[in-house]
Amino acid sequence: MIKRDFFNNKSGGITFPTIIFFILNLMFFVLLMMFVFKAPSGAVVYEQMYAKQIALMIDEAKPLMEFSISFKKGLEIAEKNEIDKQNIFKIDGVDNKVIVKLSNSRGYSFKYFSDYEINYYFDEDLLILIINERIENDL
Amino acid sequence: MIYRFVINKKGAEKIFSIWWLLVLAIIGVGIIGGVLIYYSADVDVREIEAKILYEKILECVSEQNFLKSEVFDENYDIFESCYLRKSLFEEENDFYFKIDIFQNSQIKKSFSGGGSGFEKDCGIVRENEKGEKIKGKHFPICLDKEEILFFINEKGEIEQLSLEILTASNQIGEEFSEI
């Protein structure tokens, strides 16, 4: 009974409003799903993820350690937002902060408590961090 | 023409009602709101930080279950020895540690770094006798453990020491507008 009402008009075919109804509903749910699947790839999520991950890695590291982190997704987001590669990642040795900026509007910073001299550079999509003892501890 | 089809047909009125639009709006707002709240939430790593700080301190004051002898030196600097940024602990309220070294239940030496308020807050957060744990948004996450270590004294005898180490973190992270 329901099936007959829904798909068939008096002449037995699918009505024009029914088609419109389905198209509009489909569009609505497709747009909704696009938003849901796109949300986790946003700059805000990745800025926080990279900053915290790197700060924790620094705290767990020992002097003379060197490690690399894949920054591929971060570089993709930054490129999309037209952020210069030099400004994406910074380590503030004075305030002990890891700073990540993947969008024009804002960035994210996270502190580490270890007293190290940290050098870093990008090797294609890998971020290389070199941990050394601080030579002059005058801070 | 389309408008007439959509609104005025008897069958179509059942489908394209204002109620259906309302249902779609509620679903849409609900899902979008939920997703935005979920992804804008801070990832809490304070427990991991407290654990890393604890391990770092324990590792730098001990070696193979023996307390390092230099720990009892008058000029022993735990910040320098454990590679900890002193200014960060003294000036900012994000990290805290306290080490009490006991020998026969008597305190032999104590070190601490960070705001004194942490110790009280950790006491509040710590599980009470009933096993209830008090949780608060702005309370630090603390790690409190006791370690038994050995120590070789001046006479060359092996003594047993107990180390009570408390570490805490209350760092949330910071969003900013400009580098």
Side-chain angles (χ1 to χ4, degrees), chain A residues 5-6 8-10 15-18 20-22 24-25 28-29 31-33 35-40 42 44-45 47-49 51-53 55-56 59-63 87-88 90 92-97 99-101 105-116 131 133-134 137 139, chain B residues 1-2 5-9 11-16 20-21 24-25 27-28 31-32 34-36 38-45 48-49 51-53 55-56 59-60 77 79-80 82-89 91-92 94-95 97 113-114 167 169 171-179:
Chain A
D5 281 346
F6 207 68
N8 300 329
N9 62 6
K10 280 173 188 172
T15 58
F16 179 69
T18 311
I20 296 285
F21 172 79
F22 275 112
L24 287 175
N25 278 301
F28 174 78
F29 283 106
L31 286 172
L32 209 60
M33 286 304 114
F35 172 79
V36 170
F37 288 112
K38 215 184 162 187
V44 181
V45 178
E47 278 169 353
Q48 192 181 147
M49 187 200 82
K52 287 186 175 176
Q53 195 179 20
L56 292 174
D59 282 333
E60 206 147 18
K62 290 184 178 69
N87 293 327
I88 294 171
K90 277 181 184 178
D92 181 348
V94 178
D95 293 326
N96 265 36
K97 277 180 185 176
I99 300 163
V100 182
K101 187 177 161 75
S105 55
R106 57 187 173 188
Y108 197 87
S109 72
F110 201 71
K111 282 179 217 159
Y112 56 93
F113 51 75
S114 300
D115 195 14
Y116 295 135
I131 313 290
E133 278 185 47
R134 197 183 286 277
N137 198 351
L139 295 163
Chain B
M1 186 68 178
I2 293 166
F5 260 117
V6 170
I7 303 298
N8 293 344
K9 266 212 164 183
E13 275 179 345
K14 286 180 188 172
I15 301 168
F16 287 95
W20 181 243
L21 289 175
L24 287 183
I27 292 169
I31 291 176
I32 290 168
V35 168
L36 286 177
Y38 181 79
Y39 286 109
S40 63
D42 274 315
V43 180
D44 194 350
V45 293
I48 304 169
E49 281 183 311
K51 198 179 169 193
I52 293 171
L53 184 57
E55 284 168 359
K56 201 167 186 137
E59 213 167 283
C60 83
D77 187 350
F79 291 99
E80 200 183 324
C82 298
Y83 299 106
L84 299 174
R85 174 60 69 88
K86 196 173 184 178
S87 59
L88 197 77
F89 283 85
E91 291 159 19
E92 298 186 35
D94 291 321
F95 307 107
F97 71 87
T167 56
S169 167
Q171 186 185 196
I172 303 296
E174 202 181 342
E175 274 184 22
F176 63 93
S177 54
E178 286 286 329
I179 282 187

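Naming convention: chains lettered A, B, ... in sequence-line order (proteins, then strands); numbering from 1 in each chain. FYI, side chains are in, hydrogens and waters are out, and symmetry mates aren't considered; it's all heavy atoms of this structure. None of the values given here were measured: they were computed from a predicted structure.
Residues meeting the side-chain contact (heavy atoms from CB on, under 4.5 Å) test with A:Met33, sequence neighbours left out: A:Phe37. When the side-chain contact (heavy atoms from CB on, under 4.5 Å) test is applied to B:Ile172, the partners found at least two apart in sequence or on another chain are B:Asp42, B:Arg46.
Heavy atoms closer than 4.5 Å to chain A are found in both the backbone and the side chain of B:Val43. B:Phe95 touches chain A through its side chain: at least one heavy atom from C-beta onward sits under 4.5 Å away, while N, CA, C and O do not. In this structure, no portion of B:Tyr38 lies under 4.5 Å from any heavy atom of chain A. Contact of A:Phe29 with chain B is made through the side chain alone, with heavy-atom distances under 4.5 Å. Interface residue B:Leu88: only side-chain heavy atoms are found under 4.5 Å from chain A. If you measure heavy-atom distances from B:Glu91 to chain A, you find no contacts under 4.5 Å at all.
If you check the side chains of B:Lys56 and B:Thr167, you find no donor sitting under 3.5 Å from an acceptor.
Put simply, of A:Lys62, A:Lys97, A:Lys52, A:Glu60, the one with the most heavy-atom pairs under 4.5 Å next to chain B is A:Lys52. Note on A:Leu56, A:Asp95, A:Val44: by heavy-atom pairs under 4.5 Å with chain B, the leading option is A:Leu56.
Nearest heavy atom pair, residue A:Ala55 against residue A:Phe110, reads CB-CD2, 3.5 Å.
By the 4.5 Å heavy-atom criterion applied to side chains, B:Leu24 and A:Asn25 are counted as neighbours.
With values rounded to the nearest 0.5 angstrom, B:Gln171 atom CD is found 9.5 Å from A:Phe113 atom CZ.
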